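Right, one structure below, let's go through it.
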Amino acid sequence: MIERTPEGFSALREECGVCGVFGRRDAAHLVYLGLTSLQHRGQESAGIVSFNGKMNRYAGMGLVFDVFKKDHFGMLKGRSAVGHVRYSTHGSSVLKNAQPLLVTTPYGQVAVGHNGNLTNAELIKKQLESSGAIFQTTTDSEVILHLIARSKEKTLPEAIVAALKKVEGAYSLLFASDRGPAGSKDGSMIAVRDPHGFRPLVLGRLGGAWAVASETCAFDLIGAKTVREIEPGEMVVIDNPRTVRSLRLPWTKDARRAFCVFEFVYFSRPDSKIFGRSVYEVRREMGRQLAREAPAFGAHSVIAVPDSSVVAAIGYAEAASIPFDVGFIRSHYVGRTFIEPSKPMRDFRARVKYNPIKENLRGKNVVLIDDSIVRGTTSKKLIRMLKAAGVRDIHMRISSPPIIGSCFYGIDTPTRSELIAANNSVEEIRRFLGVKSLKYLSVDGMVKAAAGKDSRFCTSCFTGKYLTKIHGGEKGPKC
Ligand code: AMP
């Protein structure tokens, strides 16, 4: 996502999930359920486009369950549907940016949902605007649609290939089109993954129908079986119940794989399988590896920052032979609250979300596991809460390396200036947090824990080295 600001263009951090079903009567319902499983990938807007001889679209701001009501499915009829959940920072949190986008092109009506960020979209956008293009949204995904509309190819898949040849960065894309093979009433669905494979994208089978999703947890809910991952640089055209057509983006043969390792660290759900590995297994191994690299002596228990760190904490506890215990209860029902106590309460917002179990903590030395420290503000508050609950020593262990660079490929990280580890040493962070010891997992240890067959990772947020040129945002060196 590239957002134009008054000063020019800057990379906009965005997180998303996509889900689609082709060839089943209740396609939009299934996509809706799939999107609820992908809600962790984006909580700001949700949308579905279905096809029943014409394209139908409904999108809204908020969580999937809040956006879609029973009545909406009356207008989302059809045997194919694609959906999207989105979260973005800055001022682009507006309905016009909700996806899937739906436009009319020389190839018919085309809808697209995009997970990932393009790193040269602002350059292309400027060029397109100077030749008269009018953009309706501030999303980089719209750049792809403009490029498709302007291409001189014969078919939509060819036009998509021509468009993608011009863009750089991360894209797991899911298209729906009102055109399909002669005699087909379902149009077609096209899934594409960028040559590096930054973001996950999986293909599934649902009886005689097809499904595509960002993560396999969406398939579990709708009863789809995972067929395989869509390969980096692969386009899958789905337009009939029997088989799919697979095409390779021609320029991608030698592209280096760069699976986002942060998907394993934090972003994906532990019940998903992505990049050839179970997220749960990888996260637990990260915890084990952390225990080997950074033991904590004399601790009574290992506690986690729920929910994202629980699996790594289980791994740490197992390898360190220290009992795992529950230190915090996290409320799952809080959104953003505007009601604050009249007498200002320190750490109020964190306390709304987390509450320590004092009986488990009083007088104890604990290992506190978190999957990552971004700005350091959450950790600081949680640590104050632990101390108030009577904890003696806190050994903080982080199941990923220090985050020193922003992500330009689809994870919402703040600018470098706000990243605590980009501007402070580990010892300075330890002092800021007020813990007895602070240690992070090494880059090598993380990659070793995540490694699968043929996997290579994007570790740019941990190394500051980017695989593609970052235009218009903070510059990152090429690696
Ligand atoms: P911070 O207070 O900024 O250091 O936030 C750290 C916490 O945010 C950790 O508990 C992480 O689990 C969580 N976290 C890491 N990355 C993200 C992200 N992209 N979006 C939301 N939360 C995150």
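All values reported here derive from a predicted model rather than from experimental measurement. No hydrogens, no waters, no symmetry mates; every other heavy atom, side chains included, goes into these values. Indexing begins at 1, ligand by ligand and atom by atom, following the structure's order.
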**OP:** Measure the shortest side-chain to side-chain distance between M396 and S379 over non-hydrogen atoms and say whether it is less than 4.5 angstrom.
**Re:** yes
Original post:
Within a radius of less than 6.0 Å around NZ of K273, do more than 12 heavy atoms belonging to other residues, nucleotides or ligands occur?
Top reply: no
Subject >> Heavy-atom side-chain contact between I160 and V192 under 4.5 Å >> reply: yes
Original post:
Should the pair K225 and F219 be classed as cation-pi, given the thresholds of under 6.0 Å to the six-membered ring centre and 45° from the axis?
Top reply: no
Original post:
Considering only heavy atoms from C-beta outward, does the side chain of D194 approach that of P232 to under 4.5 Å?
Top reply: no
Original post:
Partners of F198 by ring-ring contact (aromatic ring centres under 6.0 Å, His included), sequence neighbours excluded?
Top reply: H196, Y409
At less than 3.5 Å, what protein N or O atoms come close to the N or O atoms of ligand 1? Include the distances to 0.1 Å.
from: ligand 1; atom 1: 2 (O); to: T377; atom 2: N; distance (Å): 3.2
from: ligand 1; atom 1: 2 (O); to: T377; atom 2: OG1; distance (Å): 3.1
from: ligand 1; atom 1: 2 (O); to: T378; atom 2: N; distance (Å): 2.6
from: ligand 1; atom 1: 2 (O); to: T378; atom 2: OG1; distance (Å): 2.5
from: ligand 1; atom 1: 3 (O); to: R375; atom 2: N; distance (Å): 2.7
from: ligand 1; atom 1: 4 (O); to: V374; atom 2: N; distance (Å): 2.8
from: ligand 1; atom 1: 4 (O); to: R375; atom 2: N; distance (Å): 3.0
from: ligand 1; atom 1: 4 (O); to: G376; atom 2: N; distance (Å): 2.7
from: ligand 1; atom 1: 5 (O); to: T378; atom 2: OG1; distance (Å): 3.4
from: ligand 1; atom 1: 10 (O); to: D370; atom 2: OD1; distance (Å): 3.1
from: ligand 1; atom 1: 10 (O); to: D370; atom 2: OD2; distance (Å): 2.8
from: ligand 1; atom 1: 12 (O); to: S308; atom 2: OG; distance (Å): 3.2
from: ligand 1; atom 1: 12 (O); to: D371; atom 2: OD1; distance (Å): 3.0
from: ligand 1; atom 1: 12 (O); to: D371; atom 2: OD2; distance (Å): 2.8
from: ligand 1; atom 1: 19 (N); to: E15; atom 2: OE2; distance (Å): 3.0
from: ligand 1; atom 1: 19 (N); to: D412; atom 2: O; distance (Å): 3.0
from: ligand 1; atom 1: 22 (N); to: Y266; atom 2: OH; distance (Å): 3.0

